Number of protein chains: 2
Amino acid sequence: MKNQSKPVYLKLRDMIAAAIIDGRYAEGDMLPSVRALAAEQGANPLTVAKAYQQFQNDGLVEVQRGVGMYVVPGAAGRLRKSEREAFLREEWPEIRARMDRLGVSARELLAEA
Amino acid sequence: MKNQSKPVYLKLRDMIAAAIIDGRYAEGDMLPSVRALAAEQGANPLTVAKAYQQFQNDGLVEVQRGVGMYVVPGAAGRLRKSEREAFLREEWPEIRARMDRLGVSARELLAEA
DNA sequence: CGCGGTGTATTATGGCACTGAAGCAGTCTG
DNA sequence: CAGACTGCTTCAGTGCCATAATACACCGCG
């Protein structure tokens, strides 16, 4: 029902963001090259570059031309913080309203953990 | 952060679905004509028709040619049920994983209610 | 019947996002 | 310098979305 086909570059972006937050791409580490990640994910190098671009703009990764892209110190924390705020501010209210309309109990779902 | 620009016809679809579930378009009622709703929402009649089309396909709305489109009896319940299932199956797991990663606790979410 | 209200089909057009292919530019290593 | 790696730029193709302008088919009412 819901169109779950997000653009590839956004899926990659989320994938990378999760990896940074979880520390699988540690601060100071070099990210996989666009070509390497593209090959691994079966995507186009340009599409990967577009995903990386998002992080550059936010200053979470730094580019060394001809070398690679590095995770900036503090990136994991800042990323978690900003995503957390964005989630609470923009996504949760809608989700909550949706759950109420559909008769889904938030308390019930959150208790399962 | 999250791209909130969904296609117009999907936004209309969600808007109408919410109205049906909430009973603002009651079962047996006639929906606004494509031209009327288009004018009201500043959209194109064809785009509205495309949104309505979704509900016809699911048998939630019946067309009386030359008259209008009517909400089928039981539509609200069926719609709520199917959306509820889709939500729990497709959206909730991702939301839950996201919350865990971002360190959002159930407690702080439920406190707002 | 005639008129104005419904939804629908057709065709064309412009815009935009996504993806892709090839090549350019910078850096490191030997 | 030569080669192999990096990211980046440019040009192009594809498909979806939204819009528009018509035209058609049906119904209810006077």
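Throughout, protein chains are lettered first and strands after them, A, B, ... in sequence-line order, and every chain is numbered starting at 1. Everything numeric here is computed off the predicted structure, so don't read it as measured data.
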Side-chain donor-acceptor distances from residues 38-49 of chain A under 3.5 Å, at least two apart:
residue : atom : partner : partner atom : Å
N44(A)  : OD1  : L46(A)  : N            : 2.8

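Protein atom CD of Q53(A) is 6 Å distant from nucleotide atom P of dC8(D), rounded to whole Å. If you take CD of Q54(B) and C1' of dC17(D), they are 13 Å apart, rounded to a whole angstrom. Whole-Å rounding puts the M69(B) CE to dT8(C) C1' distance at 11 Å. Put simply, CG on L12(B) is 13 Å from C1' on dC17(D), counting in whole angstrom units. Taking atom CG on L31(A) and atom P on dC8(D), their separation rounds to 11 Å, with Å as the unit. Per the geometry, CE belonging to M30(A) stands 7 Å off C1' belonging to dT6(D), to the nearest Å. Atom pair D29(B):CG and dT6(C):C1' shows a separation of 17 Å (rounding to whole Å applied).
When the nucleotides dG7(D), dT19(C), dT6(C) are ranked by their closest atom to the side chain of V34(A), dG7(D) comes out on top. Distance from the side chain of V63(A) is smallest to dC8(D) among dC8(D), dT8(C), dC17(D).
E91(B) has a carboxylate O that lies under 4.0 Å from a charged side-chain N of R98(A), or vice versa, which qualifies the two as a salt bridge. Ionic pairing of R13(B) and E83(B) is present here: one or more N-O contacts between side-chain nitrogen and carboxylate oxygen are shorter than 4.0 angstrom.
In this model, the phosphate group of dT19(C) is not approached by any side-chain N or O of Y9(A) to a distance below 4.0 Å at OP1 or OP2. Look at K50(A) and you won't find any side-chain N or O under 4.0 angstrom from OP1 or OP2 of dT19(C). Within the 4.0 Å cut-off from OP1 or OP2 of dT19(D), at least one side-chain nitrogen or oxygen of T47(B) is found.
Among the protein residues, Q56(A) comes within range of the sugar-phosphate backbone only, with heavy atoms under 4.0 Å from sugar or phosphate atoms but none that close to a base. Residue contacts for E62(A): at a heavy-atom cut-off of 4.0 Å it reaches no nucleic acid atom on any strand shown.
Not counting sequence neighbours, the partners of R24(A) by the salt bridge (charged side-chain N to carboxylate O under 4.0 Å, His left out) test are D22(A). In this structure, the side chain to side chain contact (heavy atoms under 4.5 Å, CB included) partners of D29(B), at least two apart in sequence or on a different chain, are A26(B). In terms of the side chain to side chain contact (heavy atoms under 4.5 Å, CB included) criterion, residue partners of R78(A) (sequence neighbours excluded) are, by chain and number, L60(A), V72(A).
Taking 4.5 Å as the limit, every side-chain heavy atom of Y9(B) sits out of range of all side-chain heavy atoms of Q53(B). No side-chain heavy atom of V71(B) sits less than 4.5 Å from a side-chain heavy atom of F55(B).
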Audit row: Y52(B), V61(B), side chain to side chain contact (heavy atoms under 4.5 Å, CB included) steps and yes/no: CA-CA 8 Å; Y52(B) 279 174; V61(B) 162; over 6 Å; no

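Within a heavy-atom distance below 4.0 Å of DNA chain D, the residues of residues 37-46 of chain B found are N44(B), L46(B).
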Protein-to-nucleotide contact annotation, 5' to 3' order, nucleotides 23-30 of chain D [B base; S sugar-phosphate only; - none; under 4.0 Å, heavy atom]: --BBB---

